[in-house]
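Reading through the structure tokens given below for one structure.
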Amino acid sequence: MSTVTPCCPPLTERPFTAEEAERTARMFKALGDPVRLRLFSLVASHEGGEACVCDISDVGVSQPTVSHHLKKLKEAGLLTSERRGTWVYYRVEPGVLAGMGQLLGTPSGA
């Protein structure tokens with residue numbers, strides 16, 4: 001398994017570059033919608049770290065809307081997907097959760 005570099009350094013390490021700020025803002029903007037946050041949580045917490053769209057589509061909106069929100073999460077670099085037959089399976093992009101934790105982490109002793 002390859003090591004994935006987080007998107008950005010911890011907030012307390014140094015100011016973001018313009019590119020780092022853009023990339024991080026896309027991630028948080030995608031997660032700023034309650035349906036997207038719920039879908040992301042469903043995928044991240046699903047057994048085996050992977051979820052079929054058929055298992056996560058009951059979030060109170062129509063299927064086309066679920067597809068739209070999943071697309072936005074993929075565009076933000078938070079999810080990957082793979083089509084298997086008629087179903088699409090989603091996974092959290094490797095390193096995203098650790099990278100987000102590192103980004104929001106505080107220095108030791110703080």
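Numbers here simply count residues along the sequence, with the first being 1.
One finds a salt bridge joining E20 and R14 here, because a Lys/Arg side-chain nitrogen approaches an Asp/Glu carboxylate oxygen to under 4.0 Å. With salt bridges taken as basic N to acidic carboxylate O contacts below 4.0 Å, one links R84 and E82.
Between F40 and D33, the closest side-chain pair of non-hydrogen atoms is not below 4.5 Å. Residues T80 and E93 are in side-chain contact: their nearest non-hydrogen atoms beyond the backbone lie under 4.5 Å apart. Using a 4.5 Å heavy-atom threshold, the side chains of V92 and L78 count as separate.
One finds the CD atom of E22 at 12.0 Å from the CZ atom of F16 (value rounded to the nearest 0.5 Å). A distance of 8.0 Å separates NE2 in H46 from CD1 in I56, rounded to the nearest 0.5 Å.
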Worked check of side chain to side chain contact (heavy atoms under 4.5 Å, CB included) between W87 and D55: CA-CA 10 Å; W87 296 111; D55 294 328; over 6 Å; no
Step-by-step side chain to side chain donor-acceptor pair (under 3.5 Å) determination, S81 to K74: CA-CA 8 Å; S81 66; K74 282 180 60 176; 2.7 Å; yes
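Contact detail for Y89 and C52: the closest heavy-atom pair is CE2-CB, 3.4 Å. Nearest heavy atom pair, residue Y90 against residue V43, reads O-CG1, 3.5 Å. Nearest approach of L37 to L31, heavy atoms of both residues: CB-O, 3.6 Å.
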Taking distance alone, no hydrogens or angles, what donor-acceptor pairs closer than 3.5 Å link side-chain atoms of residues 64-73 to residues at least two apart or in another chain?
| unit_1 | atom_1 | unit_2 | atom_2 | d |
| --- | --- | --- | --- | --- |
| T65 | OG1 | S62 | OG | 3.0 |
| S67 | OG | Q63 | O | 3.3 |
| S67 | OG | Q63 | NE2 | 3.1 |
| H69 | ND1 | R36 | NE | 2.9 |

